[in-house]
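Before any comments, here is the structure.
In this text the structure is predicted, and so the values were computed from the model without any measurement. Letters A, B, ... are given to chains in the order of the sequence lines, protein chains preceding strands, and every chain is numbered from 1.
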Amino acid sequence: MSQKPSVPKGTRDFLPVEMAGRNHIFDTIRNVFDLYGYVPIETPAMENLSSLLGKYGEEGDKLLFRILNSGDFMGKLPEKTKSSGNSSILANMICDRGLRYDLTVPFARFVVQHRSKLTFPFKRYQIQPVWRADRPQKGRYREFHQCDVDVIGSDSLLNEVELARIIDDVFVRLGVKVVIKLNNRKVLTGIAGMIGQQDKLTAITVAIDKLEKIGLDGVCLEMAEKGISPEAIDKLKPLIVMTGSNSEKLEKLAALFDIEGPGREGTREMKEVLDMLSLLEIKNRVEFDVALARGLNYYTGTIFEVKSADVEIGSICGGGRYDDLTGVFGQEGLSGVGISFGADRIYDVMMQTGGFPSAVSASTRLMFVNFGKKEAAACLLLLEKLCKSGISAELYPDSVKLKKQMQYANNLNIPFVAMIGEQELKDGTVTLKDMKTGAQQTIPQEELAAKLE
RNA sequence: GUGGUCGUAGCUCAGCAGGUUAGAGCGUCAGAUUGUGGCUCUGAAGGUCGCCGGUUCGAAUCCGGUCUUCCACCCCA
């Protein structure tokens, strides 16, 4: 026996039945993106490591898959480096490329590189796999697909509104109930300033983000560990557990901030977005959540996060506004806002809520039984006609036992089977069997297509 | 990356205070039924018990390592 076949940790094969569901998700998302006027692009699976490193924080750098250089890279290295045993220094010297970690940073690179060919504001979408060297868990894979929509080169909050509409539209079409959570990074900045801890913004946001998971006491404990003063924590407490409607929460919060400053600006922006959304028919719940922080530290304005209302699996869509993402690639002052749908998690949610329409898995509508050379030739002519008129059909390739051919049709859920044997060949007829009811009738061959309409 | 957990037939799982030929259900294949699938009945095939090493007269069973799965932390889609 040869070795057991397997795929790398955290990666998966997809069977035809799984692909049916996955394609349904991708098609739905793509249709919505098209409908809202976004255009598709693609970028390579691998990027130069210099484009990727330092964009996702220290943690993100660790999760990058690096690609070993080709050729005799070791021979060129100084002895000192080789013998030092420091694998991270070594890795930087022998790896120039890495697999993309998300689609946003490659997009920023793309925009700067091709800016002369783009019309701004540029609205693009991108549906491709990304890779993270994370330890796999439920709903967490090392290879997964992101479906990104971004608009770059516009400060307008109308873009935020459009993205919220896209989120709602996609999940309504997929039949997934969700909660759309919104916040604004400036609100968080304002809060940190108000309690006199601007410098601890990251620690505060990371802690606050865990509210749902570890509770208020847990959040306070974590902040204390990160060196935030007890007085500051006491000030913060009532803010993060604030209740009421979106506008009530916003008003309460706005009153605490100075007239000028990031806090006020954040609440103003948030109010504008929510006011516009309230004029529209958004089917899913939209919630302003001060405790929503999100890790990626390039967000500067609105933050989005979408969670399934039925399944506990983390966020299935997320994103936000970044004022200067292209700055690191040499182009200042381009503001962008975008979101990313996690197709793999959406699939997991839909599997758990039993949510794929059965039509999604249907493929062939009619199978011709193969009784031998002459009979098959007659089928071939009919088959050609059917396919040309858009009816998906196939001819069983081998002239084997009828039982075997019927079983094939049955296993593949093919709804109709057509038989042209000795008798039918002589009469110019075909016997059509409905696999669901088991009923069958013999009809002239010309009538076959019409019977299947 | 830290801590834990799982791995026996294609699938779901039993077996295990270490002891002859490792079991079941489902699936597969063959036949009952040589132009009729699903239902029924009969029979068969299929396992170096994840992999490597150790303890032992003897290991699926105990120990160590490794890979994989799932979980918590970290972080995230």
Side-chain angles (χ1 to χ4, degrees), chain A residues 1-12 15 25 29 56-64 87-88 101-104 127-148 167 178 202 205-207 209-210 213-214 218 222 293-297 304-308 312-319 338-349 367 369-372 375 396 399-425 430-440 442:
Chain A
M1 267 291 269
S2 54
Q3 62 169 26
K4 243 185 195 169
S6 63
V7 294
K9 186 200 276 222
T11 66
R12 299 151 300 155
L15 293 167
I25 293 171
I29 290 175
Y56 309 104
E58 213 177 303
E59 204 61 41
D61 286 356
K62 278 192 224 156
L63 299 180
L64 283 171
S87 49
S88 69
Y101 176 93
D102 72 358
L103 300 178
T104 307
I127 299 175
Q128 291 192 275
V130 302
W131 294 269
R132 294 182 189 179
D134 221 345
R135 195 169 278 204
Q137 270 180 50
K138 186 133 225 124
R140 175 178 296 192
Y141 308 101
R142 285 185 156 183
E143 177 184 60
F144 60 98
H145 276 74
Q146 290 196 325
C147 313
D148 272 39
I167 292 171
V178 297
T202 307
T205 53
V206 167
D209 205 33
K210 293 179 194 160
K213 206 172 207 173
I214 59 179
E222 176 156 337
R294 297 192 57 78
L296 290 175
N297 41 25
F304 296 90
E305 182 160 288
V306 181
K307 289 195 154 176
S308 161
E312 196 60 50
I313 196 170
S315 59
I316 54 180
C317 177
I339 50 172
S340 179
F341 291 81
D344 303 77
R345 283 190 179 172
I346 294 172
Y347 179 89
D348 291 345
V349 168
M367 184 198 84
V369 170
N370 188 331
F371 282 113
E375 293 86 345
Y396 196 88
S399 172
V400 295
K401 269 189 294 194
L402 222 207
K403 184 188 173 91
K404 173 122 182 136
Q405 302 191 40
M406 294 299 282
Q407 246 166 23
Y408 172 86
N410 192 55
N411 289 348
L412 266 56
N413 280 316
I414 296 173
F416 295 99
V417 168
M419 283 169 281
I420 297 180
E422 215 178 325
Q423 192 59 45
E424 288 92 344
L425 199 58
V430 53
T431 298
L432 180 65
K433 174 165 181 143
D434 181 332
M435 292 296 278
K436 199 157 234 158
T437 61
Q440 61 185 57
T442 304

Please work out if [X] contacts a base, only the sugar-phosphate, or nothing of the nucleic acid, heavy-atom cut-off 4.0 Å.
X      : result
A/E424 : base
A/G57  : nothing
A/Q405 : nothing
A/G60  : nothing
A/C317 : sugar-phosphate
A/Y141 : base

Mind telling me whether A/Y56 and A/Y101 have parallel, tilted or perpendicular rings, with 30° and 60° as the class edges?
tilted
Name the pairs: protein N/O against N/O of nucleotides 26-31 of chain B, kept only if under 3.5 Å.
from, atom 1, to, atom 2, distance (Å)
B/rG31, OP1, A/K401, NZ, 3.4
B/rG31, OP2, A/K401, NZ, 2.7

Shortest side-chain distance from A/L402, nucleotide among B/rC75, B/rU36, B/rC76:
B/rU36
Which distance, rounded to the nearest 0.5 Å, do you find between the NZ of A/K9 and the CD of A/E143?
15.5 Å
What protein N or O atoms touch nucleotides 1-3 of chain B N or O atoms at under 3.5 angstrom, if any, and at what distances?
from, atom 1, to, atom 2, distance (Å)
B/rU2, O4, A/R135, NE, 3.3
B/rU2, O4, A/R135, NH1, 2.9
B/rG3, O6, A/R135, NH1, 3.2

Read 5' to 3' with Watson-Crick or G-U pairs under 3.5 Å, [ ] for crossing pairs and | for partners on another strand, RNA chain B gives ((((..(..((((.....[...)))).(((((.......))))).....(((((..]....))))))..))))....
Return yes if a side-chain donor-acceptor contact under 3.5 Å exists between A/T442 and A/E424, otherwise no.
no
Is the shortest heavy-atom distance from the side chain of [X] to the side chain of [Y] under 4.5 Å?
X      : Y      : answer
A/P415 : A/K436 : no
A/V7   : A/R12  : no
A/I316 : A/F341 : no

Send over the distance from A/E422 CD to B/rU36 C1', rounded to a whole Å.
17 Å
Nearest whole Å is fine: how far is B/rC11 P from A/L15 CG?
12 Å
